[in-house]
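A short write-up of the structure that comes next.
All chains are named by letter (A, B, ...) in the order of the sequence lines, taking the proteins before the strands, and each is independently numbered beginning at 1. Note: hydrogens, waters and symmetry copies are ignored here, and every other heavy atom, side chains too, is used.
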Protein chains: 2
Amino acid sequence: MTTGSPGTQGGESLLFLTDEQLRKGIEAMFFAYRAFTADPDRILENYEYGRAHHRAIHFINRQPGLTVNTLLTMLGVTKQSLNRVLRTLVEDGLVEARVGRKDKRERNLFLTTKGAELERELSDAQRARMRSAYRAAGPAAVAGFRQVLEAMMDPEIRRHYQSIRDTNS
Amino acid sequence: MTTGSPGTQGGESLLFLTDEQLRKGIEAMFFAYRAFTADPDRILENYEYGRAHHRAIHFINRQPGLTVNTLLTMLGVTKQSLNRVLRTLVEDGLVEARVGRKDKRERNLFLTTKGAELERELSDAQRARMRSAYRAAGPAAVAGFRQVLEAMMDPEIRRHYQSIRDTNS
DNA sequence: CTTGGAAAGTCAACATAGCTGACATAAAAT
DNA sequence: ATTTTATGTCAGCTATGTTGACTTTCCAAG
């Protein structure tokens, strides 16, 4: 499993595949992800919601009308876990669950005005950090960033990821 | 907060800073991080440990002899939370906590042989995914990946991140 | 030398958010 | 008519985070 010393690889620049480089990448993921969630987490403390609510709100905003099952796949949690979150959001009037038009077993999820407001507050904070990082690193770095992250995803999820289209503005 | 339509920015290629691009970046982080933790999580199920144990083991391996306080800063949790994790690792003989040579209040943490074995098993899996993503994306993309992640970190943590040197092999 | 405060450990209580398993209902599909 | 699917719900468990209070150790400054 362990990559040997770079010199033994024969290639010109496989230096970026050394264990040390990979470990730095692992640490970068850990630290960056922590920062990435910190801003919305701080906001959520003011409400009685957690990170799970944020994730649900994010994807409902991105794909208005998506079904519970689709959301389940995107979030990668059990329906019991999601249901607890979704129930409070519906009760509090942030999310509307409409019975499916074609298939009445399905529920199509939408943000209410109030839900969209919270989404905006959360994503403003998260985008501010992302924008600042993007700006500091530049367009070429951003392209690389996206490429590596995509390559890291599980294939099925990657398809979901790529299929999300801009539905707003 | 919201970036206007790209055309109004005047610049040549600020297209990578549109809200849509930022949202895609947010989603990429979420999905990639999930994949990133999935492999070690699967392994940890066989033991009675969780992700918190993995993180502790990772950093103790990277900086043998680090103090509890340093580890605390790196992990960003409370000492009570870390202590619970650390105690089980010491009890199970994966981690050794030596009384500080200079300052006897401090504990210097080291992996035992058994601890190093688990570290290897976990990091092999995690590095395999990272290596595969790096290889697929190429060196230039990897450089960009690292740049964006670094720019995303909180400054204090970024200094910690950059100060970690290769202590192995 | 005494004392203040830092480092570490511990106990208790609690919250969030995951999990499994079991079961209910409605509606679509066969 | 029966089976399968989509969803919702209840109960109970676990991991991992939190705060607050308290103790012990021991360095370092007064």
Worksheet entry | Pairs where residues 140-158 of chain A contributes a residue and the test salt bridge (Lys or Arg N to Asp or Glu O under 4.0 Å) is met, not counting sequence neighbours | A:Asp154-B:Arg129
Worksheet entry | Same apolar cluster (I L V M F W Y, side chains within < 4.5 Å links), A:Val90/A:Leu94 | yes
Can you give me the N/O atom pairs linking the protein to nucleotides 26-30 of chain D at distances under 3.5 Å, or say none if there are none?
none

Fill in: Donor-acceptor under 3.5 Å (B:Thr67 side chain, B:Glu106 main chain)
no
N/O donor to acceptor pairs below 3.5 angstrom from side-chain atoms of residues 71-86 of chain B, sequence neighbours left out:
unit_1	atom_1	unit_2	atom_2	d
B:Thr73	OG1	B:Asn69	O	3.1
B:Thr78	OG1	B:Ser81	N	3.3

Worksheet item: By side chain to side chain contact (heavy atoms under 4.5 Å, CB included), which residues pair with A:Glu27, not counting sequence neighbours?
Response: A:Lys24, A:Phe31, B:His58, B:Phe59, B:Arg62, B:Tyr161, B:Ile164
Discussion item. A:Arg101: which residues meet the salt bridge (charged side-chain N to carboxylate O under 4.0 Å, His left out) condition with it, sequence neighbours left out?
Written reply: none
Worksheet item: How does protein contact run along nucleotides 9-21 of chain D, one letter per nucleotide 5' to 3', with B for base contact, S for sugar-phosphate only, - for none, heavy atoms under 4.0 Å?
Response: BB----SBBBBBB
Worksheet item: Which residues satisfy the side-chain hydrogen bond (donor to acceptor under 3.5 Å, both in side chains) test with A:Tyr49, sequence neighbours excluded?
Response: A:Asp92
Worksheet entry | salt bridge (charged side-chain N to carboxylate O under 4.0 Å, His left out) partners for B:Arg105, two or more places apart | B:Asp103
Discussion item. Whole angstroms only, please: what is the CG-P distance between A:Leu72 and D:dT5?
Written reply: 15 Å
Worksheet item: Of all nucleotides in DNA chain C with an atom under 4.0 Å from a non-hydrogen atom of chain A, which is the first and which the last going 5' to 3'?
Response: C:dA17 to C:dA28
Discussion item. Tell me whether the rings of A:Phe145 and B:Phe145 are parallel (<30°), tilted (30 to 60°) or perpendicular (>60°).
Written reply: parallel
Response to the item:
Encoded 5' to 3' (Watson-Crick or G-U under 3.5 Å; [ ] crossing; | other strand), DNA chain C becomes ||||||||||||||||||||||||||||||
Worksheet item: A:Glu121: what forms a side chain to side chain contact (heavy atoms under 4.5 Å, CB included) with it, not counting sequence neighbours?
Response: A:Ile43, A:Tyr47, A:Leu118
Discussion item. Applying salt bridge (charged side-chain N to carboxylate O under 4.0 Å, His left out), can you list everything that pairs with B:Arg51, at least two apart in sequence or on another chain?
Written reply: B:Asp41
